Structures are given as structure tokens and as C-alpha cells.
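Just the heavy atoms: all of them, side chains too, but no hydrogens, waters or symmetry mates, feed the values below. This chain uses plain numbering: 1 for the first residue, then up along the sequence. Computed from a predicted model, the values in this text were never measured in an experiment.
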Amino acid sequence: VQLQASGGGLVQAGGSLRLSCEASGRTFSRYHIGWFRQAPGKEREFVAAISWSGGLTYYADSVKGRFTISRDNAKNTMYLQMNSLKPEDTAVYYCAADGASCPPAPECREASDFGSWGLGTLVTVSS
């Protein structure tokens, strides 16, 4: 599957952005899909993930309560609504699919859990 992330940009602290990730080539598989981010000089880190049905979502502690992940399987698209943005949220955000360990594992939080990646979209939060 090919993934294309969009929606990044420059926003002031406290603002909001909505990221989208559209899949092409085939539909999302019945595994979890998710978002990761990588800030300059730091390793890629887990942000959020969602099950195929959308009934299970889970988040990194740093974004819980501020970010919401969702998906529309009919549109083959995943979203990340980001509210109350902070300067420390500045990073390149990547969408990931084919989390083939989940299921049966209840959660996939490692980059190595996912088999397909998009190119990323830059989010910059100014103070």
C-alpha cells in the first residue's frame, strides 16, 4: 500500500491541525494503522494508532487528551486531529499501516511493528 500524508503546516501554540493519510494501491489491511513523529535530532516515536474497526484507539501519554485518531475505511483514509498544540509537538509526522502484529497483539507502539510508511508531513508549532 502507498501512503500519502498531508495537512501539516505552521501553527501557533494552542492551535489545531488535522492530518490526513490516504492509502492507494490497495485498501488498508485489517491490521492497526497509526501515526509516528520524528523531531530534529530525535528518534521516531509513537503518537497514536487505531484498529481496523476504529473501536480501539491508543495514544502516547504526551498527546493523550489533545490528539484524536480516526479512520474512514470507505475513503481509505486515516486522520489525526491535533488540538492544543505545543512547541514540543514540532516534528515530521508519518503515517504507518500494516501493523501485522496487531491483532493478535492488543497494541502496536513500535515502528518495527508496521510494514508500510508514508513520506511524512511537517508540523511546526511556534511559541
Side-chain angles (χ1 to χ4, degrees):
V1 64
Q2 288 79 48
L3 304 174
Q4 179 64 55
S6 61
L10 174 63
V11 64
Q12 288 189 329
S16 298
L17 281 175
R18 188 193 196 204
L19 305 184
S20 299
C21 176
E22 184 174 3
S24 61
R26 59 168 170 84
T27 60
F28 284 127
S29 62
R30 289 183 175 246
Y31 296 116
H32 293 189
I33 55 178
W35 292 92
F36 285 73
R37 67 186 182 186
Q38 187 165 16
K42 295 188 176 181
E43 293 188 355
R44 192 170 299 190
E45 65 174 2
F46 171 78
V47 175
I50 187 169
S51 64
W52 185 85
S53 69
L56 173 66
T57 59
Y58 45 101
Y59 300 88
D61 287 344
S62 58
V63 307
K64 197 175 297 183
R66 300 187 297 122
F67 291 11
T68 302
I69 188 171
S70 61
R71 65 190 295 170
D72 185 335
N73 288 336
K75 295 182 178 179
N76 233 21
T77 303
M78 170 175 63
Y79 306 96
L80 186 68
Q81 177 66 43
M82 305 185 296
N83 299 328
S84 303
L85 282 162
K86 305 175 181 179
E88 51 264 42
D89 294 319
T90 295
V92 176
Y93 283 70
Y94 298 90
C95 55
D98 296 331
S101 297
C102 299
E107 296 185 354
C108 284
R109 293 176 178 260
E110 301 296 328
S112 58
D113 290 331
F114 294 85
S116 299
W117 291 85
L119 290 179
T121 184
L122 176 62
V123 172
T124 304
V125 184
S126 63
S127 57

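Take K42 and apply the side-chain contact (heavy atoms from CB on, under 4.5 Å) test, not counting sequence neighbours, and it matches A39. Annotation: salt bridge (Lys or Arg N to Asp or Glu O under 4.0 Å) contacts of D89 (sequence neighbours excluded): R37, R66. E88 meets the salt bridge (Lys or Arg N to Asp or Glu O under 4.0 Å) test with no other residue; sequence neighbours excluded. Residues passing the side-chain contact (heavy atoms from CB on, under 4.5 Å) test with L56, sequence neighbours excluded: H32, S51, Y58.
The 12-atom threshold is exceeded at CG of L122, counting heavy atoms of other residues, nucleotides or ligands nearer than 6.0 Å. The 12-atom threshold is exceeded at CD of E45, counting heavy atoms of other residues, nucleotides or ligands nearer than 6.0 Å.
Between M78 and C95, the shortest heavy-atom distance links the atoms CE-CB, 3.5 Å.
Identified under the ring pair (Phe, Tyr, Trp, His ring centres under 6.0 Å) test for residues 107-127, with sequence neighbours left out: F36-F114, F36-W117.
Here the side chain of T90 pairs a donor or acceptor atom with the backbone of V125 at under 3.5 angstrom.
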Report, one line per pair, each donor and acceptor closer than 3.5 Å where one atom sits in a side chain of residues 3-28; sequence neighbours left out.
residue : atom : partner : partner atom : Å
S16     : OG   : N83     : OD1          : 2.9
R26     : NH2  : D98     : OD1          : 3.3
R26     : NH2  : D98     : OD2          : 2.7

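In this structure, SG on C102 lies 13.0 Å from CD1 on I50, to the nearest 0.5 angstrom. To the nearest 0.5 angstrom, Y59 atom OH is 10.0 Å from K64 atom NZ. Between the CG atom of D113 and the OH atom of Y31 there is a distance of 12.5 Å, given to the nearest 0.5 Å.
L80 and Y94 end up in different hydrophobic clusters when Ile, Leu, Val, Met, Phe, Trp and Tyr side chains are linked at under 4.5 Å. Residue V63 is grouped with residue Y93 when hydrophobic side chains (ILVMFWY) are merged at heavy-atom distances under 4.5 angstrom, including chains of intermediate members. Note: the hydrophobic cluster containing F46 also contains V92 (ILVMFWY, side chain heavy atoms under 4.5 Å, direct or indirect links).
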Should I33 and W52 be marked as a side-chain contact (heavy atoms from CB on, under 4.5 Å) after you check the CA-CA gap, both sets of side-chain angles, and the distance that decides it? CA-CA 8 Å; I33 55 178; W52 185 85; over 6 Å; no

